[in-house]
Number of protein chains: 2
Amino acid sequence: MDLDDRKLKILQAIIKNYLETGEPVGSRTISKYTDLNLSSATIRNEMADLEELGYIVQPHTSAGRIPTDKGYRLYVDTMMQEKVDEVNNMRDDLLEKADRMENLLQQVAKLLAANTNYATMVTTPKYRSRKIKFIQLTDVDAYQVLAVIVLEGNIIKNRMFRSDVALVKEDVLKLNLALNTFLQGLDIEEINIGLVQKLKSQVGAYQELVSEILDAIATAIQEEGDIRVYTSGATNILKYPELSDMNKARDILSTLENKEELTQFVESGDIKPDEKRGIQVYIGDETKVDSMKDCSVVTATYEIEEGIYGKVGIIGPKRMDYERVVGTLQNMMGQLDDIFKNKKP
Amino acid sequence: MDLDDRKLKILQAIIKNYLETGEPVGSRTISKYTDLNLSSATIRNEMADLEELGYIVQPHTSAGRIPTDKGYRLYVDTMMQEKVDEVNNMRDDLLEKADRMENLLQQVAKLLAANTNYATMVTTPKYRSRKIKFIQLTDVDAYQVLAVIVLEGNIIKNRMFRSDVALVKEDVLKLNLALNTFLQGLDIEEINIGLVQKLKSQVGAYQELVSEILDAIATAIQEEGDIRVYTSGATNILKYPELSDMNKARDILSTLENKEELTQFVESGDIKPDEKRGIQVYIGDETKVDSMKDCSVVTATYEIEEGIYGKVGIIGPKRMDYERVVGTLQNMMGQLDDIFKNKKP
DNA sequence: GTTAGCACTCTTTAAAGTTGAGTGCTAATA
DNA sequence: TATTAGCACTCAACTTTAAAGAGTGCTAAC
């Protein structure tokens, strides 16, 4: 027995209906609301076959059928025809409020949540490495100095330091020069003890200060390497009865709140294969996150420049509206492309 | 009929028991587990009185009693004796991970949530006004310039700008000087059109750039004036059955996620009256937030310097362990005081 | 190959009955 | 006069039973 065209059509109808209602779908429903013109009995026979093939199951003997993960998978892979999403003016909303990367990403999460009624996540871009572009010291007053550290890719970090000895303007300039000479263009691994010693030997009374600054630089590079995750619309999860069981809901919400497990999606998945925006669909157990075994996650990849990319994800029930979600994500990725190309925030 | 000592003792016993169990408390329980040595019948008589006085109610005729908001209020105001909390090494945890204000506050929220099993919120400090301390322009390359804006209180903001005309090193220095001459020490209201015109007339080809920078400064000051709110442990709410009703839970979690309504607690309440750390207890409707009418919120005030303060809040069920919460908060406020006094992050 | 028809299964919902915690009141007691 | 024992009463919560309804699988006819 194989999956012929008619079986495929029936499976599609079952899934579509289940996506809408969240209720098991019976043979009569399919018989009435498709143009196949088959009686419910015939549908029943076909359904029995589809069940044997593993695409659908009955929650209990006298109930309709619901799709299995395998069924959803087939649907997503072959049957779904993407719907171009109507959310067109997201971009204006984005530009209006967000003029910096972090805000922008947070805004993206928020907009998607508002538009889809699912939970959303956005990760910060992942860089391969981070080199020091330059360091700028400024004396704020006699005992305080401001250090601005600029990393490759124009990531800017600043820290205020307090010196024990009174600062001399010329010394600060010299220090600035020394730091830049030694550190410019270096990655964190390249800052070794020898280098630090050599640097310290040149700075006279400011050894303490230099130490602190070096620490700060290390921290800055480190934390820029970490992927941060923004989420939004977590409470949308509670809108779907099949996830609203107190224990499931707590687990899912807690995963969303803690965020660590979500970075998992950054590692996995292809990276932007063709113009499909690297869209990836994880169904149930495919998420590899235990608390999400009753959810599906759809992720897309955005790229801010060659090789530097992050992920946007939509988290909902397995019966999420895949077409709409994929459409919305493609749309959003397009908007992000525009923004990153034209006007770097 | 008035509230004599015995009634008070009984009320206290009822509330204590209810805080622990979350179940209505019957006369027999009180009779057995207090040292009053009274029969359940006597307790019943007293309970009837307490009900008439408005301190307790019965959820239904044949149930035990639970405290009313008025009952909780009396308890919090007069009967509660603060327990010094055992969470002593929070401070080390704090200092280890957090070297910047935002991180620190987020960390505070997280720690409190982990230690209390309630949801928590922390607001950023509220400043009365924000003056420009100085501005530092640096040319990154021929077309990009980095502006670092330092506000009073050492708030640092930075932005990268792209210039249409190629940048000349000396010009950037001049621009820097001009900006500082005109803007240093000014608040946002003081930057008027006349001033802007005058400034622009001095900068030759860089008018466009100056415009952008001024905009950025305005935005920076503005957003620093906004109070941000960090929350943590929102999912703890779901641990309490009386809040786990799907609708209540959604409303509360959604309030916590959106955060706007939470700033409400910053406005209200006394500001640090004596060494009680400005601890304030809002019970049920007292929160003035509709979704929280079944919750209590305990807030405390931290002060980073004279007159600049923010709030820390614990959000839980009405039957939250007030003593422990107040103790924990006082402890935490103490730790924060230490940190802000010794080592400004 | 398709379909009508029917017995069967199993969830869902409602109704009815049972239990038990806790009350209020009364009359007896210290 | 304050306290207590005792008892009838109430009501939510749980259990049991019954009925309804949706949907299936199978058989026999088309």
Side-chain angles (χ1 to χ4, degrees), chain A residues 1-11 13-15 17-18 20-68 71 241-242 244-245, chain B residues 1-11 13-15 17-18 20-68 71 241-242 244-245:
Chain A
M1 176 179 48
D2 64 336
L3 200 62
D4 59 31
D5 195 51
R6 195 171 74 178
K7 283 190 176 49
L8 215 62
K9 277 205 176 111
I10 292 172
L11 179 56
I14 293 171
I15 296 182
N17 190 289
Y18 184 70
E20 274 173 38
T21 63
E23 298 288 320
V25 187
S27 54
R28 190 127 186 291
T29 315
I30 300 298
S31 159
K32 265 204 279 191
Y33 300 106
T34 58
D35 46 7
L36 290 167
N37 273 49
L38 293 169
S39 76
S40 64
T42 313
I43 302 289
R44 273 204 290 286
N45 292 333
E46 295 287 47
M47 275 176 156
D49 291 351
L50 283 170
E51 179 153 13
E52 202 177 324
L53 288 166
Y55 294 108
I56 50 179
V57 281
Q58 291 180 281
H60 56 87
T61 343
S62 68
R65 305 305 210 284
I66 62 174
T68 59
E242 66 266 47
S244 296
D245 170 78
Chain B
M1 176 180 44
D2 64 338
L3 201 61
D4 59 30
D5 195 50
R6 195 171 73 176
K7 282 191 177 49
L8 216 59
K9 275 202 177 114
I10 292 172
L11 179 57
I14 294 171
I15 296 182
N17 191 288
Y18 184 70
E20 273 172 40
T21 64
E23 299 287 322
V25 186
S27 55
R28 191 129 183 287
T29 314
I30 300 298
S31 157
K32 265 204 280 192
Y33 300 106
T34 57
D35 48 4
L36 291 166
N37 274 47
L38 292 169
S39 76
S40 62
T42 314
I43 303 290
R44 276 203 288 287
N45 292 333
E46 294 289 44
M47 277 176 156
D49 291 352
L50 283 169
E51 179 153 12
E52 201 177 327
L53 288 166
Y55 293 107
I56 50 180
V57 281
Q58 290 180 283
H60 55 87
T61 343
S62 67
R65 304 313 211 277
I66 62 176
T68 58
E242 66 266 47
S244 295
D245 170 77

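Computed from a predicted model, the values in this text were never measured in an experiment.
Going from atom CD1 of I43(B) over to atom P of dG22(C) covers 14 Å, rounded to whole Å. Put simply, CD on E23(B) is 12 Å from C1' on dA13(D), counting in whole angstrom units. Per the geometry, CG belonging to D4(B) stands 17 Å off P belonging to dT1(D), to the nearest Å. Across the protein-nucleic acid pair, I10(A) atom CD1 and dT2(C) atom C1' stand 12 Å apart, rounded to whole Å. At whole-Å resolution of the value, CD in E46(B) and C1' in dT3(D) are 11 Å apart. Summarising the geometry, the separation between CZ on R6(A) and C1' on dT3(C) is reported as 12 Å, rounded to the nearest angstrom. Between D49(B) atom CG and dT3(D) atom C1' there is a gap of 14 Å when expressed in whole angstrom units. Remark: C1' of dA4(C) and CG of L38(A) are 15 Å apart, rounded to the nearest angstrom.
At least one side-chain heavy atom of L3(A) sits under 4.5 Å from a side-chain heavy atom of Y55(A).
Separating the CG atom in L36(A) from the OG1 atom in T42(A) is a distance of 10.5 Å, to the nearest 0.5 Å.
The shortest non-hydrogen separation linking I56(A) to R65(A) is CD1-CG, 3.7 Å.
The closest donor-acceptor contact from the side chain of S31(B) to the backbone of L38(B) lies under 3.5 Å. The backbone N or O of K7(B) sits nowhere less than 3.5 Å from a side-chain atom of E46(B) that would complete a donor-acceptor pair.
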Protein-to-nucleotide contact annotation, 5' to 3' order, nucleotides 20-30 of chain D [B base; S sugar-phosphate only; - none; under 4.0 Å, heavy atom]:
--BSBBB----
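Around atom CG of D4(B), more than 12 heavy atoms belonging to other residues, nucleotides or ligands sit under 6.0 Å away.
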